[in-house]
Amino acid sequence: MNIEIVRSVSAELVSFDGSDKQICKAARVSTGKDTTEFDATRNRGLIRYLMLNKHGSPFEHGSMTFRVEAPIFVWREHMRHRIGFSYNEESGRYKKLEPRFYVPEMARTQSGKPGHYQISDDQDLTKLMVTHLRFNARDAYMRYEDMLNAGIAREVARMVLPVNLMSSAYVTCNPRSLMNFLELRMSEQAQTEIRNLAMIYAGVFEACFPETARAFFDSSFEGGAGRVAP
Ligand SMILES: Cc1cc2nc3c(=O)[nH]c(=O)nc-3n(C[C@H](O)[C@H](O)[C@H](O)COP(=O)(O)OP(=O)(O)OC[C@H]3O[C@@H](n4cnc5c(N)ncnc54)[C@H](O)[C@@H]3O)c2cc1C
């Protein structure tokens, strides 16, 4: 029985819509200046003003759609983000799930308070973790197939599969909802796997909405949210 071990989460941009300029136009409709052309400097200033003053709704104009592959435990965290996110995930009822399982490169230890994790360079610990995760994945998938072969429905047989099974989904968000996600999931407190996903999203965000992303990162990650220079 062959299973595939996956070492990372992945996300590719499927499509995006909108721009920094469109965000500015949406904001300027309040003063009737949305059809007036402004140069890049004025647009940058407006975006930073909006970010500073938490005038969030202009940042809802625009969208990014990703195709994401991540283990189920990451999806559980991801789907807590309800506002401004749309999801469509592969179904364990309508298709046979693939034998693809996430296994971290290195073990992690925990000490003290919840959320205090350290990547461990202890090779024995990593070996123990990998052995158990691999064995469990192979054993669980064998039981899954055994049930399917006996005629048990996919929706029931899947119950035996662990939360490190990989799953794929389309995720669509807007700049505002993505910024909330990034604020929470790029933090040191977030679990490594969803933080890695957030890093990928952040790179795409910077490419699609460069001024908005710059203002956001200045405000959120250099001295606290909302401290951007206008
Ligand atoms: C480090 C970390 C640890 C976590 N640990 C746990 C945990 O142990 N257990 C657990 O259950 N969850 C946990 N979570 C999930 C967390 O509580 C949030 O559900 C998740 O981060 C989504 O954030 P959000 O509500 O801001 O996002 P969204 O659902 O996208 O909401 C966006 C924003 O909309 C507003 N909003 C949305 N819904 C409401 C509402 N009903 N009422 C008022 N305002 C609303 C809020 O301003 C919110 O910030 C954790 C999250 C992080 C980052």
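A quick note: this is a predicted structure, and the numbers were derived from the prediction, not measured. Order of appearance sets the numbers: ligands from 1, and atoms from 1 within every ligand.
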*Asks:* Anything under 30° is parallel, anything over 60° is perpendicular, the rest tilted; go ahead and classify Trp75 against Tyr87.
*Replies:* perpendicular

*Asks:* Please check if the number of heavy atoms outside Arg143 that lie under 6.0 Å from its CZ is greater than 12.
*Replies:* no

*Asks:* For the residue pair Phe209 and Phe16, does the interplanar ring angle fall in the parallel (under 30°), tilted (30 to 60°) or perpendicular (over 60°) class?
*Replies:* perpendicular

*Asks:* Taking the cut-offs as 6.0 angstrom to the six-membered ring centre and 45 degrees off its axis, would you call Arg154 and Tyr94 a cation-pi pair?
*Replies:* no

*Asks:* With a 4.0 angstrom cut-off on heavy atoms, strictly below it, pick out the residues next to ligand 1 and order them by chain and number.
*Replies:* Arg80, His81, Arg82, Ile83, Asn180, Leu184, Arg185, Gln189

*Asks:* Is it true that atom CD of Glu4 has more than 12 heavy atoms of other residues, nucleotides or ligands lying nearer than 6.0 Å?
*Replies:* yes

*Asks:* Would you say the side-chain atoms of Asn174 and Ser63 include a donor-acceptor pair closer than 3.5 Å?
*Replies:* no

